[in-house]
Number of protein chains: 2
Amino acid sequence: MDRIAGKAQTKHYQKGEFLFRSQEKDDALYIVNHGKVRIYRLSDSGKEQLVRILNPGNFTREWALFNPDVVHEEYAEATRDTSVCTIQQHDVQEFLKEYPAISLKLLGEMSQRLERSARQTAQVAVESVITRLVLFLAENVEPGMGNSPTITLPMAKKDIASYLGTTPETISRKFGELENEGLIQQLSGKRIKIQDLDDLLLYSE
Amino acid sequence: MDRIAGKAQTKHYQKGEFLFRSQEKDDALYIVNHGKVRIYRLSDSGKEQLVRILNPGNFTREWALFNPDVVHEEYAEATRDTSVCTIQQHDVQEFLKEYPAISLKLLGEMSQRLERSARQTAQVAVESVITRLVLFLAENVEPGMGNSPTITLPMAKKDIASYLGTTPETISRKFGELENEGLIQQLSGKRIKIQDLDDLLLYSE
DNA sequence: GACTTTTCTTGATGAGAGTCAATTTTTTTG
DNA sequence: CAAAAAAATTGACTCTCATCAAGAAAAGTC
């Protein structure tokens, strides 16, 4: 750990700054220390799709580690003041060779991410927006909260829209629809009360 | 290699048989020897989304290696007579610990897959069907074939539809549209002639 | 080669969701 | 706390694409 820390470099970003942009070649691994980072992609037509949100402890750019020469199409933007550690590709490789256990951990993390990503693709591809939204809400219920939990949205609604592959207007309408149906209540400040989780999950026309 | 082969077990499947289905718990890694396997997911509403197609040399179920207790939601169906090697989770772990280089290879492969999957999600989320189809065709051009290549579709059109998150009817129409625009020609037996790759890529309204 | 089965195509119709525009509400900032 | 900026909501309209149905073509089988 100490040795890794020795190679790591800490960087700070203010809200709105980019850790990196598509095209930029830079083969370091980024690990978030404090703050919050949005990872998104831009389509040809300029629309963005949120890939994920990095919280403290999360990392990204593992792609750069193993395929350093291919340019990568993601943008990483700090959504508040953020500090990250970066470790150069070369150094990471060294550590992985030296401590194989790290590779196993990393493989586990990556296989989880792959699973999530595949599920996300399948949902966007075949489910309606209301279904995706319901599933999104259900995923964000902290386990063990009973059947009528209150959750806090992990991101702004416009980001939920982007994550789910739709628009803020549509998300707004779908939240309204769920509320009209008596399935949820929108409390103040990103808090949502779910009346009955089972009912909610059943509501997918 | 010999030692790995010693632990591996070969299985044969006929066309239409399943290597595994969602829910089934079985923590082996599958490597395709001969044949072709469709990996897909099923939505609640019963629609399927093609995740990928396995050709000889490809593997799947790496998820099972690192998260053996979580059930996985994919179906794997042999689309022709197929033989695969399976290696038990436990054995793979052993090899990885013993030969760290394998982990690095595996990480490289997984990071590529993750990249593809993220791109796939972004496309399905924000691009129109015609754009997705164009990108799909462009991806299937073998490199170094000039600007007016002929390609062979790697799967049936209905599978392309499923892969791109749309329906066979729509795919059929979009192929028709591209042909009317003079951008491609549909030859017999899954062969497509692209008139001008650059023009094709520009055609995304 | 004839028959069966699957895949592909084409048409008509409708619904879900995107777009544009105007307000309102919430959050941020000095 | 007031002003500014960003996010969320609502309405009207449009359009892409899914659905259902039916027939044509291609692939697989005996």
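Only this structure's heavy atoms are used, side chains among them; waters, hydrogens and symmetry mates stay out. Lettering of chains follows the sequences in order, A, B, ..., and the numbering in each one begins at 1.
- When rounded to the nearest whole Å, the span between CD of Glu77(A) and P of dA6(D) equals 12 Å.
- Here dT7(C) presents its P atom at 8 Å from CG of Asp159(B), a figure rounded to the nearest Å.
- Between the side chains of Gln185(B) and Gln195(B), at least one donor N or O lies within less than 3.5 Å of an accepting N or O.
- Nearest to the side-chain atoms of Ser128(A) among the listed nucleotides dT10(D), dA17(C), dA7(D) stands dA17(C).
- Following rounding to the nearest Å, Phe175(A) (CZ) and dA17(C) (P) show an atom-to-atom distance of 15 Å.
- Taking the nucleotide of DNA chain D with the nearest heavy atom to each of Lys190(A) and Ala125(A), the more 5' of the two is matched to Lys190(A).
- In terms of polar N and O atoms assigned as donor or acceptor, the side chain of Glu169(A) comes within less than 3.5 Å of the base of dC20(C) in a complementary pairing.
- The residues Arg113(A) and Glu62(A) are annotated as salt-bridged, a charged nitrogen and a carboxylate oxygen being separated by less than 4.0 angstrom.
- One interatomic measurement links the two molecules: NZ of Lys157(B) to P of dA27(D), which rounds to 11 Å at whole-angstrom precision.
- Heavy-atom nearest nucleotides on DNA chain C were determined for Val129(A) and for Ser188(A), and the one closer to the 5' end corresponds to Val129(A).
- A salt bridge (Lys or Arg N to Asp or Glu O under 4.0 Å) with Glu74(B) is found for one member of Arg52(B), Arg41(B), Arg21(B) and no other, namely Arg41(B).
- Residue Lys158(A) has its side chain nearest to dA7(D) when only dT19(C), dA7(D), dA17(C) are considered.
- Computed from C1' positions of five pairs at each end, the angle between the two local axes of the helix from dG1(C)-dC30(D) to dG30(C)-dC1(D) equals 70°, rounded to 10 degrees.
- Arg119(A) and Glu139(A) are joined by a salt bridge, as a carboxylate oxygen and a charged side-chain nitrogen come within less than 4.0 angstrom of each other.
- Surrounding NZ of Lys105(A) are at most 12 heavy atoms belonging to other residues, nucleotides or ligands under 6.0 Å away.
- The interatomic distance linking Glu179(B) (CD) with dC8(C) (C1') rounds to 13 Å, in whole Å.
- In this structure, Lys47(B) reaches the dT19(D) phosphate: one of its side-chain N or O atoms is under 4.0 Å from OP1 or OP2.
- With respect to the salt-bridge test (charged N to carboxylate O, under 4.0 angstrom), the residues Lys158(A) and Glu48(A) do not qualify.
- Proximity note for Lys15(A) (side chain, C-beta onward) versus dT9(C), dT29(C), dA8(D): the nearest is dT29(C).
- With distances taken from any side-chain atom of Thr170(A) to the nucleotides dA17(C), dG11(D), dC8(C), the minimum falls on dA17(C).
- Among dA7(D), dT10(D), dT29(C), the nucleotide with an atom closest to any side-chain atom of Arg173(A) is dT10(D).
- Glu127(A) has no carboxylate O lying under 4.0 Å from a charged side-chain N of Arg132(A), or vice versa, which leaves the two without a salt bridge.
- Counting to the nearest Å, the P atom of dT29(C) and the CD atom of Gln14(A) are 11 Å from each other.
- The Thr167(A) side chain lies nearest to dT19(C) when the options are dC17(D), dT19(D), dT19(C).
- A cation-pi arrangement is found for Arg61(B) relative to Phe20(B), the charged atom lying closer than 6.0 Å to the ring centre and inside a 45° cone about the ring normal.
- A close approach under 4.0 Å does occur between a side-chain nitrogen or oxygen of Gln186(B) and OP1 or OP2 of dT9(C).
- When the P atom of dA27(D) is taken as reference, atom CG of Leu153(B) falls 12 Å away, rounded to whole Å.
- The CG atom of Asp81(B) sits 13 Å away from the C1' atom of dG28(D) (whole-angstrom rounding).
- Among the atoms of the strands shown, only primed sugar atoms or phosphate atoms (P, OP1, OP2) are found under 4.0 Å from some heavy atom of Thr166(B).
- The side chain of Lys174(B) contributes no N or O atom lying less than 4.0 Å from OP1 or OP2 of dT16(D).
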